[in-house]
Structure formats: structure tokens, C-alpha cells
Number of protein chains: 2
Amino acid sequence: MSRASNKEMMGEEFLDKGALQEGSLQDPSVWNPSVERVSERVPLPVAVMIGAGRVASHLAPEWHRKGIRFKQVYSRTEESASALARQLDAEAVTCIEELTDEADLFVVSVSDDALQQLLPRLLKGREKSLWIHTAGSVPMQIFQGKAERYGVLYPMQTFSKSCEVDFSKVSLFVEASSEAELCHLKRWASLLSPHVYEADSQKRKALHVAAVVTCNFVNHLFTLADEWLTQNGLPFEAMCPLIDETARKVHTLSPQEAQTGPAVRGDRKIVEEHLHLLESNPNLQHLYRLLSESIMQTHGQ
Amino acid sequence: MSRASNKEMMGEEFLDKGALQEGSLQDPSVWNPSVERVSERVPLPVAVMIGAGRVASHLAPEWHRKGIRFKQVYSRTEESASALARQLDAEAVTCIEELTDEADLFVVSVSDDALQQLLPRLLKGREKSLWIHTAGSVPMQIFQGKAERYGVLYPMQTFSKSCEVDFSKVSLFVEASSEAELCHLKRWASLLSPHVYEADSQKRKALHVAAVVTCNFVNHLFTLADEWLTQNGLPFEAMCPLIDETARKVHTLSPQEAQTGPAVRGDRKIVEEHLHLLESNPNLQHLYRLLSESIMQTHGQ
């Protein structure tokens, strides 16, 4: 712990977490869950939040509720820095020069491009603190040579500003520059969710691809369906029970087993009829054709 | 009611449903919900189930639990006819010649092709009963000239044989050849779910397209993500919290508002990196490119 924590924490803010969650795994040797039992007490850090976007404004308040003290929030704009800082009882700063160097943990949640640009200035004079970022596809080694202790905490979730997230259901993937830092990071992560896993930068990138496919692309299909329904005078909300059931089924069936619909039945007549109906929607029509062909190919139709 | 119901129902099996569910709608004039209050008692039909596939084996047992008596189950194979008939305390038949002509309601849940082929033989001598099918994309007029009273009950849900369905959360779309039949059908449908809506054949087909997009295609994206994760030594189950949240968000946000991810942020660097990673998966790579472009186009990136 840095000077800040020694001075400020008064020995009270400790995390005594008996065990981290054991994920049930297909191949523990490659997946590497956090299974060891830990008895020692791990102090909570004094932290600084760099960024006030979607991830930052969900992650920092949740950590704050769990007892982590945020000293400052940095954002380029006064408005977003202040909005998040108020929630955290922290100071809002908009200049890197105003950033404290007395914090144990710096959490960087900014766009991947901003991360690249800001890091040298952010880290200068703050090399002794623990630095983490929260991005799915940025390697941990971005910190190498710039900080002494560093890591990643990737919350695999879709964060919308106006929508509360139940963090206890979020999968968190951690990685760190040393065993000691990994140990700290896992314990702090376990304040947020019982689902804490280790994943190196390569695995995290593979997870990010899967997250784009299962969340961002899925939501875009909802968007295209919404447009289509509106054109036909039908409300999107009628789809919600079906959407919920589609999500629920893959908790107990593999997606392969859960597949239903005209394409997996090889019902080419319905597929062609739907393609004909979609003639006024060339974008959705093209995706309909490709996805139906992909289903038929996967299921040997 | 036909002779069968007069003889067999003993005046006991009545549905006294105060009101059908009122859907909250964008445009009631085109969407036409079932909103009228009904005070008269509507007798339950004596029914025959034609088909023993996924929809039949979810729908018939649920109606049976709600008091509708099934006299027979027809399927081409003895095994599936018997399995469903046992659940319904009904007779299993595998020849159309063995089908009773003494039933109020014939429910046809077979593949769209089988429906076309079987209908003339099924209906001959049974023209006075009410005939319904359960398909999304088959027009009600398939019964015209063959039956006197007919309709459609389309349960918009994904039915897997090994997965129980909570019918009270299923949206049901009904259509019938006359007001009287529509009235009966709505009441019997309301035994299954409070979400009963009227939809003509054209609207039902548009709903079916939307169901394919939001359920079948979404589940196929899960399948492709599962394959990708397996290749990378990662378990699909790690995606479940994200999948659940993606479904949950569109209950309160429009899909447009709920969109997140690299494409909607215009983060082309991450998109290109992911495409590079997917080089060994040309099918998923192609879909990744198209869906990312479609997101960027939709959101003006």
C-alpha cells in the first residue's frame, strides 16, 4: 500500500473475504479460475477514477458502496467529472496536472484511443501506484515500462447510462503484473461480484469478441426487428417474452440444442417467403439470408 | 358447440373469464388488442390434437391442465402419438381414418408442408367442427372452402422438447373466420396466457419474421459464440449474465438506446482487430463485418 493508504485508512477498511467464487469450468487448466481460499485480510485501496463514461459511472459507485474510497474523478469535461465525483464524495478534476499522486489505485476507464494517448502523462510521477484499465481488447502490457504495478479488471457487461446494473451478476476478468497485485485485484473485484476469473490478455480479447457477438450484435438484431415491426404497425414489446425465453433457454440447453425456427427445420419455403416479404428492407433481407444459410450449414440442413 | 360437447360436458366445464388482457399499444387501430369485457360463460371444447411435435406437446398439456378435454392425439408415429396422448388421457391414433368426427375443436400443429398435404383428408366429414392451426406464416385461408369454421392460434415462443415453458408469459395471436369463433378462440387462448392479441394473417407473418430475427438468429449468434469460445478454451456459461442483461435492457430501453460496443462507438480499430482474430472463422468473420457495418450505418458512425 502506498503512503496514502497508510496515512488515511486508519486500519479499519479491510476486506475479509473467505473465498473467491469457483467457476464451474470446461477446462480448468486453460481457464484458470480463482479458487484458492484466502485467510489474510486485504486492505481496501484509496482510488482515483480516470474517466466518467459508462463503465466508470457503473463501476466506481459500486466500489464506493462497498467501501472503497475515491479521492478524485478525472474527466476531460467538468460536467461529467462533477456528476460522478458527487456520487463518490470525490474531487472532480479536468487537468492531469491536478491529479493526486497519493493514491493506491488508479482505475482507467476511457476509450481505447484515449488510453493510448493519455497514459504517458497520467503515469508520470505516479509510477508506484497500482494502475488498472477495464477494456476488453487492450493488452495489459500497455502499462509495461510506464508503471511498476499494473493489471486489468474487465467487467463483461453492457452498461447503459440510464440503466442500473446488478453487479453481483457480472462476470469480472482480472489479470495483473505480479501474484501480489493479482491477489489484491481479485479481492477488490470480489467486492463487486462473486464471478471473478483470471484471464490473460489473449483470453480477454477472445471473450470481448464473444461479448460483441452475444450482446452488441444480438441487440442490433432487436433494433432491426423493431424497425420492421414499426413498418408493420406492430409494437416491439410483443417480442419481450420471446427474447426472455431465448436467453433463459441457454442456461440449461446448449445453443445448438436450443435452436428452433424455419432454417434449422430446413423449411426453405418459409425462408423464401420471409425473404420475399423483406424486399423493402435490403439490409435485413441480406442478414436474414446469411444467418439462415449459416443455421442450415451448422445444423446440416 | 357440437354434439360431442353437448353430450359430454355436463355443463360443468365453463370458462368465466372477466376480461381479456389489454395490451399496451403504439397504435390500437392497426394492432387491434382484445380489450372488450365479456360476461357470458363460454363452454370449453372437446378437442383433438393433430400433431405431437414441439408446439403440440407444449400447447395441449397446458390446455389439458386448464380443463380442456382432449379426446385423441394424431401423429404419424405411434411413439409420439402415445407419448402425448398419455399426458392428455387421450387416445393415440396414427391413421386419419381412426380420427373421431365428434369433437368441437381440431388443433393442427404439424409442419407447414404436412399441413398442406393433410388438410383435405383431415377435414373430410369433419367440416362442422372448429379447425385451427398454430403456424406463424400459414394464412388462415388455408381452411377456406374445406371447413365452415376456422381460425389460427399462434403462440409466439421458442419451444424445445426438453425445456418447460411458462405459458403465462407467451404472447398468443388469434384470428378466426367469424366474430363468434374469434370470441371462443380468445377465451380459450386466455386460459393459456393473459397476452392474447388479434392479428390477421399478414400481421402474423410479419410477427413471425420478427420472431425469427429476435429468437432464431439470436440463438444462432449464441451458437457461433459458443464455437469460438470453445476454440479459445473458454466456457459459454461465462456469457449468461451478459445475455440476460441484453434481454433485460430492452424491457425499459428501446434497442436503439440500448446499443453498446465498438461499432456504435465508431471504434474501427477494435472492429479491425476482432476481424483479424476471426480469420480462422470465415463464417463468423463475415457476419461480424456485416453486423458491425449495419450498426455503424444505423447509428450514423
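Letters go in sequence order (proteins before strands), and every chain restarts at 1. Both backbone and side-chain heavy atoms feed into the values below; hydrogens, waters and symmetry mates do not.
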Based on non-hydrogen pairs under 4.5 Å, which of [options] is most in contact with chain B?
| options | answer |
| --- | --- |
| A/Asp267, A/Asn216, A/Thr246 | A/Asn216 |
| A/Ser292, A/Ala135, A/Ala258 | A/Ala258 |
| A/Ala211, A/Pro262, A/Ala210, A/Ser171 | A/Ala210 |
| A/Leu284, A/Thr252, A/Leu277, A/Val264 | A/Leu277 |
| A/Asn283, A/Val250, A/Asp166 | A/Val250 |

side-chain contact (heavy atoms from CB on, under 4.5 Å), that's the test. Do A/Lys269 and B/Gln116 meet it? Break it down for me. CA-CA 12 Å; A/Lys269 208 175 128 226; B/Gln116 292 272 11; 3.8 Å; yes
Quick one: what part of [X] sits under 4.5 Å from any heavy atom of chain B, side chain, backbone, both or neither?
| X | result |
| --- | --- |
| A/Val212 | side chain |
| A/His286 | side chain |
| A/Leu253 | side chain |
| A/Leu291 | both |
| A/Glu164 | backbone |
| A/Gln256 | both |
| A/Ile270 | side chain |
| A/Asp113 | side chain |
| A/Ser111 | neither |

When rounded to the nearest 0.5 angstrom, what is the spacing between [atom1] in [X] and [atom2] in [Y]?
| X | Y | atom1 | atom2 | result |
| --- | --- | --- | --- | --- |
| B/Gln157 | A/Asp244 | CD | CG | 9.0 Å |
| B/His251 | A/Ile243 | NE2 | CD1 | 7.0 Å |
| B/Gln259 | A/Cys215 | CD | SG | 7.5 Å |

When you compare the side chains of A/Thr260 and B/Thr158, does any donor N or O come within less than 3.5 Å of an acceptor on the partner?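 The answer is yes; a qualifying pair exists.
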Taking the side chain as everything from C-beta on, heavy atoms only, tell me whether [X] gets closer than 4.5 Å to [Y].
| X | Y | answer |
| --- | --- | --- |
| A/Leu287 | B/Phe217 | no |
| B/Trp228 | A/Val213 | no |
| A/Lys169 | B/Glu245 | no |
| A/Leu234 | B/Leu207 | yes |
| A/Glu273 | B/His208 | no |

Closest non-hydrogen atom pair, [X] against [Y]:
| X | Y | result |
| --- | --- | --- |
| A/Leu229 | B/Ala206 | CD2-O, 4.5 Å |
| B/Met239 | A/Met156 | SD-CE, 3.6 Å |
| A/Pro255 | B/Thr223 | CB-OG1, 3.4 Å |

Per-residue contacts, residues 293-301 of chain B versus chain A, heavy atoms under 4.5 Å: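 Hits under 4.5 Å: B/Ser294, B/Ile295, B/Thr298.
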Please identify each residue that fulfils ring pair (Phe, Tyr, Trp, His ring centres under 6.0 Å) with A/His133, with sequence neighbours left out.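 Ring pair (Phe, Tyr, Trp, His ring centres under 6.0 Å) list for A/His133, sorted by chain: A/Phe143.
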So which residue, [options], ends up with the most heavy-atom pairs under 4.5 Å with chain A?
| options | answer |
| --- | --- |
| B/Val170, B/Thr214, B/Leu224 | B/Thr214 |
| B/Val138, B/Asp112, B/Val165 | B/Asp112 |
| B/Ser137, B/Ser254, B/Ala225 | B/Ser137 |

Would you say that more than 12 heavy atoms from the other residues, nucleotides or ligands in this model lie under 6.0 Å from the CD of A/Gln231, or not?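 Result for CD/A/Gln231: enclosed.
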